[in-house]
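Counting convention: from 1, in listed order, for ligands and their atoms alike.
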Amino acid sequence: MWAQAIEDALRVISNNIGRFGDKFPVTSTQGNRIYRLTPGNDWTEGFWTGLLWLSYEYSKDPRFRTAAMTTLDNFRERLEHRTGLEHHDIGFLYSLSIKAHWILERDESSRSAALQAADILLERWRDIPGILQAWGPKDDPENGGRIIIDCLMNLPLLHWAYQQTGREAYRQAAEQQTAMSRRFLVRGDDSTYHTFYFDPITGDSIRGGTHQGSRDGSTWTRGQAWGIYGFALAYRYMRQPELLETSKRLARYFADRLPEDGVVFWDFDVPQIPETKRDSSAAAIAASGMLELVALLPEHDADREWLAQSARRIVASLAANYSTKGEPDAQGLLNRGSYAVRLDISPDDYVIWGDYFYLEALMRLERGVPGYWYER
Ligand code: GLY
């Protein structure tokens, strides 16, 4: 069943190679299910390259490799001209593209480009309050002291850079950002804030909030999913038991609130009724994160079974009920992703990261291939 879903996905990706050429699909389609193409200056281009690498790993079809390689020049140029890199999502961009190339083929020029990307990410470190600033320039009045739960997925690039070079600054930033995220973004009931604000001058903690959730104190499902996966990856690199525990707790919160068909709505604190928009991408991210947890846990761990079962349940429903398998002209793999429902930005669309994590989860299930977050 997983193999069939992968074959269906690869057909779409193969068609997209012809459609996209040397450009990238934008972050999400905007209501019309057709990707506008960009030269590449946003936070999501790595997902298209990551999809191509996963497709190549599965099929060994050289078309996928050639297409992936074609995209890499753009990531290198962006480093040279610093195009669209003024945010923390450098980790998403470079882990799945350039670092993936190093992981798969040990290409030295990609290793050094990935280290350069890590250096640019590290420039976002602020000694006070002791955070990686997610968005905006230094001293930005709104974002100067703000962290975002999504950032946990950008930290593997820093951990990896530390492994490669032994330079302490990478490790310290990644570890402190993880600790601050655990302390301030995770609430007592194992739900999460999307973002948290600190005073950038004094470092004082101010308040939790949201950007894409329904309200400041709600639990945005994709944020919870980033947390599950991000703390699991942090544990893989740092081996601190409390990080494993946190990831499991966030996963339990998520699994306990799955709707009947296993694919979450966009926020856990909006009416959980059929009319509410879903976020298939949150489901895919959480499933792949749960499978990462399963890979980390010893055989006898009591949580392994429900984690594996929840992940399988989610991915099976995505494949059966949300994938575009019966739609020959589809440009996306998953229907019903949402970017930002409250802000009315792609509330019910294809979102390129949803496609990436869906194929990544399928590859974990079918082949045990974990994506490109760490060395294999
Ligand atoms: N990392 C941005 C998002 O999840 O929308």
Side-chain angles (χ1 to χ4, degrees), residues 24-30 35 38 41-51 84-97 117 121 124 131-136 142-143 146-158 177-178 181 185 192-196 209-214 218-231 233-234 250 254 263-268 270 277-289 332 334 336-358 360-361 371 373:
F24 293 87
V26 284
T27 303
S28 59
T29 53
Q30 275 129 20
Y35 273 115
T38 78
N41 53 12
D42 211 321
W43 68 278
T44 49
E45 286 78 9
F47 298 113
W48 170 233
T49 307
L51 281 163
L85 299 179
E86 307 82 14
H87 53 74
H88 65 154
D89 289 322
I90 293 165
F92 279 120
L93 284 170
Y94 284 85
S95 292
L96 305 181
S97 56
L121 178 55
R124 304 195 70 77
I131 59 163
L132 270 181
Q133 183 182 331
W135 296 329
E142 165 75 1
N143 296 307
R146 190 175 188 186
I147 60 170
I148 315 278
I149 197 161
D150 323 19
C151 187
L152 290 163
M153 297 299 289
N154 292 315
L155 302 182
L157 183 64
L158 295 181
Q177 175 72 7
T178 304
S181 301
L185 293 170
T192 49
Y193 283 119
H194 180 194
T195 87
F196 200 96
T210 199
H211 179 61
Q212 281 143 287
S214 67
S218 77
T219 303
W220 178 49
T221 50
R222 192 158 71 251
Q224 189 82 9
W226 291 138
I228 296 167
Y229 206 160
F231 284 113
L233 290 170
L250 268 51
F254 197 99
V263 173
V264 286
F265 298 96
W266 65 283
D267 191 292
F268 284 122
V270 294
K277 302 289 186 210
R278 307 261 172 179
D279 184 8
S280 56
S281 75
I285 295 159
S288 202
L334 284 184
R336 308 206 66 183
S338 74
Y339 194 175
V341 174
R342 184 176 53 82
L343 306 174
D344 199 27
I345 303 170
S346 290
D348 185 3
D349 269 301
Y350 301 147
V351 297
I352 190 69
W353 63 86
D355 289 359
Y356 173 79
F357 285 99
Y358 172 57
E360 192 192 86
W373 308 104

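Protein residues lining ligand 1, listed by chain and number: W43, D150, Q212, W220, R222, W226, Y339 [non-hydrogen atoms, distance under 4.0 Å].
Checking D42 against T44 by side-chain atom types alone, no donor-acceptor pair falls below 3.5 Å. Under the 3.5 Å distance criterion, with hydrogens and angles disregarded, a donor-acceptor pair is assigned to the side chains of E360 and S288. Of the N and O atoms on the side chains of T219 and Q224, not one donor lies less than 3.5 Å from an acceptor on the other residue.
In this structure, the ring of W220 has its center less than 6.0 angstrom from the ring center of H194. Taking the ring centroids of W266 and Y339, they lie at or beyond the 6.0 Å cut-off.
Between L96 and W48, every side-chain heavy-atom pair lies at or beyond the 4.5 Å cut-off.
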